[in-house]
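For reference, positions follow the sequence shown, starting with 1. Side chains included, hydrogens not; waters and symmetry mates left out as well; all remaining heavy atoms used.
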Amino acid sequence: MDALSGAGPRRARGRPGARSSGVRAPAAPWARFSAWLECVCVVTFDLELGQALELVYPSDFRLTDKEKSSICYLSFPDSHSGCLGDTQFSFRIRQCGGQRSPWHDDRHYDTGAPVSLQREPAHYFGYVYFRQVKDSSVKRGYFQKSLVLVSRLPFVRLFQALLSLIAPEYFDKLAPCLEAVCNEIDQWPAPMPGQTLNLPVMGVVLQVRIPSRVDKPESSAPKQCGHENLLPAPVVLSSVHELDLFSCLHPLKFCCDYRPYFTIHDSEFREFTTRTQAPPNVVLGVTNPFFIKMLQHWPHILRVGEPRMSGDLPKQVKLKKPSRLKTLDTKPGLYTAYTAHLHRDKALLKRLLKGLQKKRPSDMQTALLRRHLLELTQSFIIPLEHYMASLMPLQKSIMPWKTPPQIRPFRQDDFLCSLEHAGPQLTCILKGDWLGLYRRFFKSPHFDGWYRQRHKEMVQKLEALHLEAICEANIEAWMKDKSEVEIVDLVLKLREKLVWAQGHQLPVKEATLQRAQLYIETIIGSLPKDLQAVLCPP
């Protein structure tokens, strides 16, 4: 792996040198670029070393040796197929060497984005465009190279579209082309949830809308901006993250580890494949047949193969017990030890089958499936949201000069009792053991992740309401019978609340923040000069 640590492209003209940690100051060059991408990598095949990192751009971005090794191995397909031509896929790796501070402020984006699309603080996504073609000028007989976009954003659709534009051009023109593209990305506006953005690159304008956490389910597609005279006409991407037959349950964040592409060379290989303990909470995407034998003790295995279009779908989707997964020639299907809590939706299966028979477009089939899963998820999550809302203190109990009341604890038995009159059966026709499904959910990391996020949002709302209550109170009346110590204490607490509200972007109106600042100035103005000097030093 010496070639990995030694790989070093020429430094971009006009760019400053790197700091040893690889982290730049927020106002440094590449700040706009880094709002979208961490870096761009080129991985090539070396006859002596195998996969080798040929280039990292911007050149002052520092990857650890472990990260370089993972990127190299995951940037080439790991299977016995020839993979001639161009292939696109993605992977996800654990960040090594401790968590690094971002080059830019993530808080504004993460506050507005759905939890499932927030930046990954401890993982990198790799989006790969791999080319393998016969080339007699190369000793091995093949040109083999991958262009990889490394990002913390799970924008699969956007970055695959971007790669399909820049990779073919890069393979023809190499480094100068890549430098020009990176400079173009460095001029892009930052990703803003809820806004439609125009992203120019290589003579094309990609028009995308970043989803917002307040979106209605159907509002993800961007609407073409009519007020801008864009030449050429923009390429409108209907989504930055959704793929064909891809579904993400937006009210819930997937809180376990997952690797869209995984190989035996991954640094976590031993950790994930050990037999000395129960299988880890991780989803692995693999192509090497070795894993079928290696991981046949896992409770859930989905084997994907060539689709059969002979109206055979109901048999293919039947769940099979993992004990039958013993040979390398196992048929495609889902092998699982899981017992479903809900009955399958036969009407949906019939509609999908009918679509296959009538050759309904794939995007329409995807819309049917995504709509079904979204409605099912909403039916599941709405009772949880209603119960969480009941734990919030009443607004009238929030007094300006007292510590705000606490959010009541989540009691699972109380929630399960509430399902009798406010359960998912009110909005969903599917029958089954809903209580068993909720009990299983409570034991999963996904419930813990959902609850922590909702509790954090409720605490922020409580703090916002308390600040508003203070700003609506009569501050002069409160001050009349208070000592200087009490008044100074109020100033310090108000300042602390103001900093916290701005730093955590609490849901507080700008007028409330301005009024709080005015209160602080009013209170300080009422104090003796010596105390004013202490609280407001020159």
Does the [X] side chain pair with the main chain of [Y], one donor and one acceptor, at a distance under 3.5 Å?
X	Y	value
Q160	Y127	no
S69	D65	no
T366	S362	yes
D110	R119	yes
T274	E271	no
R270	S267	no
H446	F254	no
S75	V43	no
R92	D257	no
D186	C182	no

Any side-chain heavy-atom pair from [X] and [Y] closer than 4.5 angstrom?
X	Y	answer
Q460	W500	yes
W188	V201	yes
R303	I292	yes
V40	F33	yes
Y73	I264	no
V181	M202	yes
Q95	R152	yes
L53	C41	yes

Closest non-hydrogen atom pair between [X] and [Y], with its separation:
X	Y	result
F155	Y109	CZ-OH, 3.2 Å
S116	P154	O-CG, 3.9 Å
W36	L153	O-CD1, 3.9 Å
N198	Q207	OD1-NE2, 2.7 Å
A35	P191	O-CG, 3.6 Å
L295	L284	CD1-CD1, 4.2 Å

| query | Out of curiosity, T336 OG1 to W298 CH2, how far, rounded to the nearest 0.5 Å? | reply |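 Rounded to the nearest 0.5 Å, the OG1-CH2 separation comes to 13.0 Å.
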
| said: Can you classify the ring geometry of Y261 versus F89 as parallel (below 30°), tilted (30 to 60°) or perpendicular (above 60°)? | reply: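 Rings of Y261 and F89: perpendicular, over 60°.
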
| request: Assign the ring pair F269 / F262 to parallel, tilted or perpendicular, where the plane angle (0 to 90°) is split at 30° and 60°. | output: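 Taking F262 first and then F269, their aromatic rings lie parallel (interplane angle under 30°).
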
| message | Would you say that more than 12 heavy atoms from the other residues, nucleotides or ligands in this model lie under 6.0 Å from the CZ of R360, or not? | response |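 Yes.
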
| Audit row: Y57, V42, side chain to side chain contact (heavy atoms under 4.5 Å, CB included) steps and yes/no | CA-CA 9 Å; Y57 201 93; V42 177; over 6 Å; no

| query | Checking side chain to side chain contact (heavy atoms under 4.5 Å, CB included) for the pair F125/E38: CA distance, chi angles, key distance, verdict? | reply | CA-CA 10 Å; F125 292 98; E38 299 294 305; over 6 Å; no

| field | Within the 6.0 Å centroid threshold, strictly below: Y129 and Y170 | value |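 Not close enough - the centres of the two rings lie 6.0 Å or further apart.
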
| query | Run the side chain to side chain contact (heavy atoms under 4.5 Å, CB included) check on Q51 and F45 step by step: do they pass? | reply | CA-CA 5 Å; Q51 287 100 305; F45 191 86; 4.1 Å; yes

| request: Could you go through the side chain to side chain contact (heavy atoms under 4.5 Å, CB included) check for H341 and R439 one step at a time? | output: CA-CA 11 Å; H341 288 86; R439 286 193 181 101; over 6 Å; no

| field | salt_bridge(D86, R131) N-O dist < 4.0 Å | value |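 R131 and D86: salt-bridged.
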
| request: Among L162, V204, I185, V208, find the residue that satisfies the side chain to side chain contact (heavy atoms under 4.5 Å, CB included) test when tested with L199. | output: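 In the set L162, V204, I185, V208, the residue that makes a side chain to side chain contact (heavy atoms under 4.5 Å, CB included) with L199 is V208.
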
